[in-house]
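Read through the structure below, which is laid out as structure tokens, and then see the notes.
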2 protein chains.
Amino acid sequence: MSVTIEDISKKLKLSTSTVSKALNGYKDVSEKTRDLVMGTAKELGYHPSAAARNLRRQRTDKIGFVFNNSLMYISDYFAEVIVGATAAAETVGNNIVLYINEGDSPDSLIQLIRAREVDGFVFVWNHVPAHIVDMLLDENVPFVVLGRRVGHPQASWIAPDNYNGGLELMQHLINLGHTRIGFTTRPSMGRTNEDRFNAYKDGLIQAGISIDRDLIVETKLEPFSGYHAAKQLLDLNDPPTAIFAFHDYVAIDAHQAIVERGLKIPDDVALVGFDGLNVSAFTTPPITTVSQPLAEIGRESILTLLKRIANNDLPPIQKTLPVELKIRRSTQPEKSSNST
Amino acid sequence: MSVTIEDISKKLKLSTSTVSKALNGYKDVSEKTRDLVMGTAKELGYHPSAAARNLRRQRTDKIGFVFNNSLMYISDYFAEVIVGATAAAETVGNNIVLYINEGDSPDSLIQLIRAREVDGFVFVWNHVPAHIVDMLLDENVPFVVLGRRVGHPQASWIAPDNYNGGLELMQHLINLGHTRIGFTTRPSMGRTNEDRFNAYKDGLIQAGISIDRDLIVETKLEPFSGYHAAKQLLDLNDPPTAIFAFHDYVAIDAHQAIVERGLKIPDDVALVGFDGLNVSAFTTPPITTVSQPLAEIGRESILTLLKRIANNDLPPIQKTLPVELKIRRSTQPEKSSNST
DNA sequence: TTGTAAGCGTTATCAT
DNA sequence: ATGATAACGCTTACAA
């Protein structure tokens with residue numbers, strides 16, 4: 001097979017333990033032999049076997065990245081987060097292993113955990129139910145939830161500041177004079193939805209605007225869902241002058257619905273999204289949104305997980321990262337002329 | 001630590017080998033003991049240690065997915081391909097390990113290979129240079145290049161039919177009456193670029209249109225590069241009436257440049273992209289493109305790699321997958337009215 | 001049908 | 001400073 005420590009030890013007439021020590025930079029080995037070992041290691045093209053190392057060290061230097069299929073439909077989110085995470089992991093010699101798991105069968109998750117193929121897990125799920133968190137805690141496996149708050153107090157998570165971002169968005173719309181603002185919500189009431197929805201309601205309340213249930217419509221977790229939601233809003237007797245879409249892809253769907261109705265954005269209907277994905281800038285007009293620091297969320301999740309891998313008795317780590325309002329033409333009245 | 005085979009064997013007063021055999025469904029074990037073993041395995045919550053298994057079997061059931069950072073900028077591509085690949089791998093009990101590697105330092109690649117953390121590699125690079133292929137062959141490691149043809153005859157790859165897709169695109173434009181068609185090309189002349197460029201040229205030649213060097217402009221591998229390329233084309237004394245963008249993101253950049261010039265798509269300038277990424281449908285008007293079967297390319301790459309892992313002495317496997325022309329409003333004259 | 005024992009490649013402990 | 005040895009958890013000839 002390939003070159004092992006034994007090959008080096010034989011060639012140098014040293015014991016494998018000395019070679020191992022030299023290779024790993026232990027100081028109880030003479031400089032002479034260390035140079036010798038290093039030299040022949042390079043000469044022979046030696047590289048340690050990950051499997052042997054993992055078995056012995058009871059550690060893999062790998063991190064499981066567990067996501068569900070629907071993440072694919074928000075590819076900008078997926079790509080940025082994953083690349084951020086992978087890069088962060090690699091800086092400390094770790095790698096990311098991908099797992100598609102919907103979280104619907106705890107058994108497959110337990111199997112994953114017990115196989116110890118990875119040292120810990122990052123979950124990228126729309127919703128992490130309490131019984132799964134309990135199970136993870138029970139198994140005593142290090143984990144972090146990426147991108148959303150989790151109700152369970154013992155869970156660690158890294159999430160964007162959905163509430164304050166939403167509030168900024170609402171204040172922006174209200175400052176522009178909008179009083180009838182539609183909101184597209186989610187069927188499952190996860191924390192992300194809750195935070196954005198609360199921001200919507202509080203934004204209205206702070207402005208002294210009463211909440212109209214007709215202006216709140218539900219979207220499903222499927223493509224074109226935002227399209228139907230927007231149509232529903234536009235069909236109202238007293239339709240909204242602005243629509244707050246749950247996230248950018250929903251906003252893009254809504255954009256299409258609005259345009260099909262022959263309405264102008266933002267003159268007839270203003271439109272805002274959420275997340276700050278690249279795609280939100282590609283529509284005409286580009287869509288005002290709240291941008292979350294995706295790469296940093298990915299990075300921070302890894303760093304946090306590594307801390308838990310080092311010591312899983314740490315109290316839960318929960319971080320809210322700041323977001324940024326990006327005002328674009330979907331809410332701003334058209335400027336008189338264009339410039340390069 | 002966790003439950004091992006020994007725990008089961010002790011509890012049942014059996015040898016570890018018998019337990020192992022029972023667990024792995026060998027037939028030279030009585031049904032009674034097998035049920036017993038299976039039962040206590042479940043009862044104790046046993047799951048095999050991946051590390052021990054890997055070491056013993058000299059196999060990891062993991063596949064390395066090597067990509068460079070620039071893939072992040074075409075997130076639709078990245079997401080679809082990766083999810084397709086991950087799903088395909090999981091159906092046969094394999095997983096994907098991500099590696100960011102630009103291919104600029106063969107050393108880090110060799111290290112990766114020799115560590116045998118994975119059984120084989122899928123490369124997702126813009127360009128796979130011959131010396132890297134030579135190195136991979138030299139190391140006798142199974143690998144497949146995803147998404148592009150490779151010049152090296154010994155390399156295995158799965159790629160879309162760029163040439164014929166490009167030709168269809170050109171015929172479509174020419175049928176619409178365009179004779180001055182701009183093309184945005186790449187600085188590095190990889191096979192993908194070559195194929196699309198050849199399609200551009202052959203499309204013109206087949207229609208009896210002479211090639212005008214002014215209509216061929218170079219883009220860089222950076223954001224907004226397509227924007228500048230399009231402006232350069234529009235600034236010509238005799239500007240094109242149609243632009244063939246190297247890929248969809250370049251087309252989106254070009255779209256912006258065209259709109260900024262106050263020109264109408266497709267009336268003043270028709271626009272086509274390539275790849276069929278979701279984003280190409282989000283612009284106004286949506287962009288005509290050639291769609292590649294990304295998930296299938298991901299899937300097929302994994303299946304091909306698995307074949308090579310099973311037997312790397314196989315002759316190189318090289319597959320061209322069919323693509324599909326998607327005609328959208330960026331090339332079609334506006335219809336009189338819209339419908340739901 | 002079951003058990004023994006060796007080995008995968010490394011690291012850690014304890015002697016020397 | 002170096003070496004012998006055990007151990008990590010599993011699989012597989014081979015023996016019984």
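Since this is a predicted model, take the numbers as computed values, not measurements. Here is the naming used below: chain letters follow the sequence lines, and residue numbers restart at 1 for every chain.
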Have a look at B:K13 and say if it touches a base, only the backbone sugar-phosphate, or nothing, with a 4.0 Å heavy-atom cut-off.
sugar-phosphate

Sugar-phosphate only, base, or nothing, as touched by A:S49 at under 4.0 Å among non-hydrogen atoms:
sugar-phosphate

Closest approach to the side chain of A:L55, judged atom by atom: which nucleotide of C:dT10, C:dT1, D:dC8 is it?
D:dC8

Measure the distance from [atom1] on [X] to [atom2] on [N] and round it to the nearest whole Å.
{"X": "A:I5", "N": "D:dG3", "atom1": "CD1", "atom2": "P", "result": "13 Å"}
{"X": "B:L23", "N": "D:dT12", "atom1": "CG", "atom2": "P", "result": "13 Å"}
{"X": "B:I8", "N": "D:dC10", "atom1": "CD1", "atom2": "P", "result": "8 Å"}
{"X": "A:E6", "N": "C:dA6", "atom1": "CD", "atom2": "C1'", "result": "14 Å"}
{"X": "B:K27", "N": "C:dT2", "atom1": "NZ", "atom2": "P", "result": "15 Å"}
{"X": "A:L14", "N": "C:dT10", "atom1": "CG", "atom2": "P", "result": "15 Å"}
{"X": "B:R34", "N": "C:dT1", "atom1": "CZ", "atom2": "C1'", "result": "13 Å"}
{"X": "A:L36", "N": "D:dA1", "atom1": "CG", "atom2": "P", "result": "16 Å"}

The test is ring-ring contact (aromatic ring centres under 6.0 Å, His included); show your working for A:F65 and A:Y99 and say whether it passes.
CA-CA 6 Å; A:F65 206 88; A:Y99 299 99; 10.0 Å; no

Decide whether [X] and [Y] meet the rule of one side-chain donor and one side-chain acceptor closer than 3.5 Å.
{"X": "B:N101", "Y": "B:N68", "answer": "no"}
{"X": "A:S20", "Y": "A:S17", "answer": "no"}
{"X": "A:S156", "Y": "A:R308", "answer": "yes"}
{"X": "A:S108", "Y": "A:S105", "answer": "yes"}
{"X": "A:S2", "Y": "B:R116", "answer": "yes"}

Does OP1 or OP2 of [N] have a side-chain N or O of [X] closer than 4.0 Å?
{"X": "A:S20", "N": "C:dT11", "result": "yes"}
{"X": "A:T16", "N": "C:dG9", "result": "no"}
{"X": "B:N54", "N": "D:dC10", "result": "no"}
{"X": "A:Q58", "N": "D:dA7", "result": "no"}
{"X": "A:Y26", "N": "D:dG3", "result": "no"}

In dot-bracket form, how is DNA chain D paired, counting a Watson-Crick or G-U wobble pair only if both its distances are under 3.5 Å and using | for bases paired to another strand?
||||||||||||||||

Does a salt bridge link A:K62 with A:E117, judged by any charged N lying under 4.0 Å from a carboxylate O?
no

Taking the side chain as C-beta and beyond, is there a heavy-atom pair between B:P48 and B:L23 under 4.5 Å?
no

Between A:N94 and A:L306, is there a side-chain heavy-atom distance shorter than 4.5 Å?
yes

Fit a plane to each ring of A:F143 and A:F123, take the angle between them on a 0 to 90° scale, and name the class: parallel (under 30°), tilted (30 to 60°) or perpendicular (over 60°).
perpendicular

What protein N or O atoms touch nucleotides 13-16 of chain D N or O atoms at under 3.5 angstrom, if any, and at what distances?
none

Return whichever of B:R57 or B:S15 has its heavy-atom-nearest nucleotide of DNA chain C closer to the 5' end.
B:S15

If you find the nucleotide of DNA chain C closest to B:T33 and the one closest to B:A52, which residue's nucleotide is nearer the 5' end?
B:T33

